[in-house]
Enquirer: 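Here's a structure for you.
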2 protein chains.
Amino acid sequence: VSGSQPPRLYTFAGGDSGAWRIVRSTALAGEPLPEASRLAIIPGGASSGAAKWRLRGVTSNERYVTRAEKSELIAKQQGLGRPDSGCAALIPIRKTAAWWALPQDERRRIFEESSRHVRIGLKYLPAVARRLHHCRDLGESEPFDFLTWFEYAPADAAAFDALVAELRASEEWSWVEREIDIRVVRAGP
Amino acid sequence: VSGSQPPRLYTFAGGDSGAWRIVRSTALAGEPLPEASRLAIIPGGASSGAAKWRLRGVTSNERYVTRAEKSELIAKQQGLGRPDSGCAALIPIRKTAAWWALPQDERRRIFEESSRHVRIGLKYLPAVARRLHHCRDLGESEPFDFLTWFEYAPADAAAFDALVAELRASEEWSWVEREIDIRVVRAGP
């Protein structure tokens with residue numbers, strides 16, 4: 001099946017090499033990651049190389065969005081890799097065990113009816129492109145549940161700050177127990 | 001975190017050893033698994049040993065059930081490992097790419113409002129105990145999406161047949177592209 005499909009598994013590696021230069025790494029909740037100067041994004045589950053840290057995640061089906069929300073997202077969003085996307089962010093997050101013990105309807109209510117997660121994201125489209133990677137079910141004890149990768153133009157950096165600030169003020173974020181905000185820019189040649 | 005937690009990752013290995021004797025393995029859709037005489041269930045991601053096949057899955061949060069459904073399930077269900085559960089079944093399933101492309105609300109509608117997946121399961125509680133393992137997000141190209149493990153007394157074997165027949169007749173099952181039904185009994189000393 002996977003021959004003709006786009007990759008689903010990605011490795012984010014912080015170290016001395018990679019196409020993105022790390023300009024800031026802030027632990028907003030929980031343990032920070034070791035310091036690194038560059039970020040490499042490698043399709044697949046690469047485990048070799050001299051990285052300071054390495055995080056893996058897999059793209060997957062949607063967990064909360066409805067058909068109507070999905071249609072709005074598809075109509076407004078743009079893909080990764082736009083030439084003017086000189087800025088990016090990797091935000092690894094882990095939610096509490098109590099969050100994961102909630103049934104689906106209660107997680108959905110918090111995610112959207114209370115926290116407006118999709119609604120907030122839509123306001124920043126197409127400026128901010130994004131890809132969500134799931135980690136929690138990669139194995140038994142992953143350090144994070146999600147890795148979200150965002151790309152945007154330098155002129156949209158303030159808008160991106162507003163986006164993450166809105167989400168962090170939501171009820172959903174009261175269930176976040178670890179969050180690192182890693183800002184990067186494209187490394188020169 | 002995982003030190004005091006129950007295991008989430010399990011390996012099911014078909015081969016010449018294991019606590020369960022395989023009495024029948026039927027490919028209901030897609031490719032069968034190689035023949036094996038015994039089934040071993042090993043906590044963790046064991047990859048050594050001379051198994052004919054090896055399937056891994058991880059227990060995870062609920063994807064569809066509501067608070068009301070979860071409360072009903074918890075009130076009626078019993079755990080694995082009951083002394084009179086001399087029979088068991090392992091049913092690995094893979095759903096189509098089209099299923100996974102559906103938004104959450106449409107998958108939920110098919111799962112419960114149309115197919116009555118929880119409602120059907122409740123009818124067979126507490127006779128049939130079960131543990132669901134997710135595989136799809138373990139990596140990029142797992143052979144199955146789910147491994148469900150069921151345990152029941154020999155006297156409830158006909159009821160178990162009725163349970164799986166009801167589910168297989170549902171709309172949800174039209175999205176199943178691979179399914180193996182492996183029946184086992186406790187191996188003697």
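Only heavy atoms go into these numbers, but all of them, side chains included; no hydrogens, no water, no symmetry mates. All values reported here derive from a predicted model rather than from experimental measurement. In the text below, chain A, chain B and the rest are named by the order of the sequence lines, each starting its count at 1.
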Enquirer: Is it true that, when you exclude A:R21 itself, more than 12 heavy atoms of the residues, nucleotides or ligands shown sit nearer than 6.0 Å to its CZ?
Expert: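 No.
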Enquirer: Under 3.5 Å, side chain of A:E140 to main-chain N/O of B:R8, donor-acceptor pair present?
Expert: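 Flag set: sc A:E140 to bb B:R8 pair under 3.5 Å.
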Enquirer: Quick check on the hydrophobic clustering: are A:V128 and A:L73 connected, directly or via other members, by side-chain heavy-atom contacts under 4.5 Å?
Expert: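 Yes, A:V128 connects to A:L73 through the hydrophobic network.
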Enquirer: Report yes if the side chains of A:E62 and B:L102 come closer than 4.5 Å at any heavy-atom pair, otherwise no.
Expert: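 Heavy-atom side-chain distance check fails, nothing below 4.5 Å.
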Enquirer: With rounding to the nearest 0.5 Å, note down the distance linking CZ in A:R63 to CZ in B:R63.
Expert: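 It comes to 4.5 Å.
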Enquirer: Check this for me: B:E35, atom CD, are more than 12 non-hydrogen atoms of other residues, nucleotides or ligands nearer than 6.0 Å?
Expert: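 It does not: B:E35 CD has 12 such atoms or fewer within range.
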Enquirer: Kindly give the heavy-atom pair with the smallest separation between A:P103 and B:K70, and that separation in Å.
Expert: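 Minimum heavy-atom separation between A:P103 and B:K70: CB-CD, 4.3 Å.
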Enquirer: Can B:V185 be reached from B:I41 by stepping across I, L, V, M, F, W or Y side chains whose heavy atoms are under 4.5 Å apart?
Expert: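 Each belongs to a different hydrophobic cluster.
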Enquirer: Shortest non-hydrogen contact from B:D137 to A:V58?
Expert: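 Heavy atoms only, the tightest pair is O-CG1, 3.6 Å.
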Enquirer: Let's test your reading of the structure: which of A:E106, A:H134, A:E69, A:R67 forms the most heavy-atom pairs below 4.5 Å with chain B?
Expert: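 Of the options given, most contacts go to A:R67.
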Enquirer: Is it the backbone or the side chain of B:R107 that comes under 4.5 Å from a heavy atom of chain A, or both, or neither?
Expert: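 Answer is side chain: those atoms of B:R107 sit under 4.5 Å from chain A.
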Enquirer: Give a yes or no on whether B:D16 atom CG has more than 12 heavy-atom contacts from other residues, nucleotides or ligands under 6.0 Å away.
Expert: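 No, not enclosed.
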Enquirer: Using the rule that Ile, Leu, Val, Met, Phe, Trp and Tyr join whenever any side-chain heavy atoms are under 4.5 Å apart, tell me whether B:I180 and B:V176 fall into a single cluster.
Expert: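 Different clusters.
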